[in-house]
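What you are looking at is a predicted structure, and each value in this text was computed from that prediction instead of being measured. Counting starts at 1 for both ligands and their atoms, following the listed order. Positions are given from 1, in the same order as the sequence printed here.
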Amino acid sequence: MKQRIETKCVQAGYTPKNGEPRQIPIIQSTTFKYDTGEDMGKLFDLEASGYFYSRLQNPTCDMVAAKICALEGGTAAMLTSSGQAANFFSVFNIANAGDHVISSTSIYGGTFNLFNVTMRKMGIDFTFVDPDCSEEELNAAFRPNTKAVFGETIANPALTVLDIEKFAKAAHAHGVPLIIDNTFPTPINCRPIEWGADIVTHSTTKYMDGHGSAVGGCIVDGGNFDWMANAERFPGLCTPDDSYHGITYAEKFGKEGAFIYKATAQLMRDFGCTPAPQSAYLLNLGLESLHVRMERHCANALAVARALEAHPKVSWVNFPELESNKYNALQKKYLPKGTCGVVSFGVKGGKDAAETFMKNLRLAAIETHVADARTCCLHPATTTHRQLTEEELAAAGVPGDLVRMSCGIENAQDLIDDILQALDKAQ
Ligand SMILES: *Cc1c(COP(=O)(O)O)cnc(C)c1O
């Protein structure tokens, strides 16, 4: 029977048999017992599926990965210990020293640093393109050694909406997959695979967990990218892996499973960015109400954005659902149900006024976090970006007056009342 996404949030990933626990069991065990060495050997050869060591795979984590896989409409998925690990694996699984990757400029700062600093040290080159570039500009960024294209559905914190079809078309024309970080909208509001993305990543730390309890990540494979048709570009998937008993992943596991099997067998084995089963359990609790929470996050953010837009002490508001927003048309196409709970805006009077506004908030807490049930906000100019001058702040796209507000799931009028009283005091 067909399950709609709300049902999948609650039920997918784990179906207990007669007399088994109703809630997913936390398998808090590093290792698993076998009757014979032969039985275990089959697991090592990837001839039988099963568990042997929780650095590579754990049943609790796999149940939760299976739920996220169902939500995104993928064919295989894995959890990682953080969103950073998920994005690192998604690229490093197919790009090695000497290779090249194209990424949107409008991405999370942590991902930008991972690509632009750390992965460059590993010998992987990146070209950053404006998400609003023309098809010609995008096509011109490809090189013979390009292995992937990367972008975020809604960028954190710029809130740009990516034209996923434009990026997918260019990637596929050059025989490489499109990787999309879908953290902000979650599969409730957008499923990038349906628009042509091949691999989807998440920082589950944000809305999926939703309660600020556990850092985590996830990678989902859409199962549509034909590695074997581009075998010369992806030797890691299409030729035998000597470090794993001579397996050719794309042959043995097909389009549907090769990417995740390789990332598990090689990258999890060697890097061990594994989530704890307890964290996966907490993530699953969050997923059970994801569809209910996202609706409220989006409704609250829209109400807050409209109240801000009408306020004389607010100089500008950035929220894709506002008709005045540059990305309103793309939002209507890709995210018709809503975007996320994050709104950014400028307080008239600049940096000092923004700081005074923040100090006077009573409900909204000052945090670097976003996407939590509790409303929080950040003034980058006096916190994360405090070392920059006014000119540098403007160049980085974080002007001194910018406040980023992550609307939680409280009562919308209470959030607006808090903002109004704090704006009254900001001068
Ligand atoms: C937070 C975030 C990340 C990094 O995730 P962590 O779980 O903090 O490692 C990656 N991408 C986006 C869009 C994020 O918001």
Side-chain angles (χ1 to χ4, degrees), residues 61 64-65 68 72 77-92 101 103-119 126 128 131 148 150-162 164 167 178-190 192 197 199-220 267 271-276 279-280 282-283 286-287 290 294 297 301 320 327 334-335 339-344 367-372 376-378 380 383-384 397-398 404-407:
C61 299
V64 183
I68 298 173
E72 286 288 6
M78 68 198 286
L79 295 190
T80 57
S81 56
S82 69
Q84 287 295 105
N87 282 329
F88 171 54
F89 277 17
S90 73
V91 174
F92 198 60
V101 173
S103 169
S104 161
T105 47
S106 194
I107 54 173
Y108 175 66
T111 311
F112 182 73
N113 196 74
L114 169 70
F115 291 171
N116 195 44
V117 179
T118 303
M119 291 184 79
F126 287 82
F128 293 94
F150 184 95
E152 286 178 18
T153 317
I154 307 173
N156 174 12
L159 303 178
T160 47
V161 178
L162 192 77
I164 301 175
F167 274 70
L178 174 64
I179 304 170
I180 293 288
D181 181 332
N182 196 35
T183 297
F184 264 25
T186 81
I188 302 301
N189 286 339
C190 181
I199 307 292
V200 172
T201 61
H202 281 279
S203 164
T204 62
T205 317
K206 311 292 164 54
Y207 291 110
M208 285 192 170
D209 172 283
H211 300 79
S213 9
V215 173
C218 185
I219 309 173
V220 181
L267 303 183
F271 292 98
C273 312
T274 320
S279 298
L282 291 170
L283 168 57
L287 290 170
L290 182 65
M294 283 313 285
H297 278 294
Y327 295 101
Y334 291 107
L335 305 133
T339 50
C340 62
V342 180
V343 181
S344 59
E367 294 173 24
T368 55
H369 194 49
V370 290
D372 187 323
C376 59
C377 58
L378 184 74
T383 54
T384 49
V398 273
R404 181 185 73 186
M405 171 114 9
S406 169
C407 299

Test item: T183 and C340 side chains (from C-beta on) under 4.5 Å apart, heavy atoms = no
task = With sequence neighbours excluded, tell me which residues meet ring pair (Phe, Tyr, Trp, His ring centres under 6.0 Å) with Y327.
result = none
Note every protein N or O atom lying under 3.5 Å from an N or O atom of ligand 1, pairing the names and giving the distance.
from     : atom 1 : to   : atom 2 : distance (Å)
ligand 1 : 5 (O)  : S203 : OG     : 3.0
ligand 1 : 7 (O)  : G83  : N      : 2.9
ligand 1 : 7 (O)  : S203 : OG     : 2.8
ligand 1 : 7 (O)  : T205 : OG1    : 2.6
ligand 1 : 9 (O)  : G83  : N      : 3.1
ligand 1 : 9 (O)  : Q84  : N      : 2.9
ligand 1 : 11 (N) : D181 : OD2    : 2.7
ligand 1 : 15 (O) : N156 : ND2    : 2.8
ligand 1 : 15 (O) : K206 : NZ     : 2.6

ask   = Hey, does Y207 have a side-chain heavy atom less than 4.5 Å from the side chain of L290?
value = yes
key: Side-chain heavy atoms of F88 within contact of T80, under 4.5 Å   = no
query = Going by heavy atoms in the side chains, are E72 and P192 under 4.5 Å from each other?
reply = yes
query = Do the non-hydrogen side-chain atoms of P131 and T105 ever get within less than 4.5 Å of each other?
reply = yes
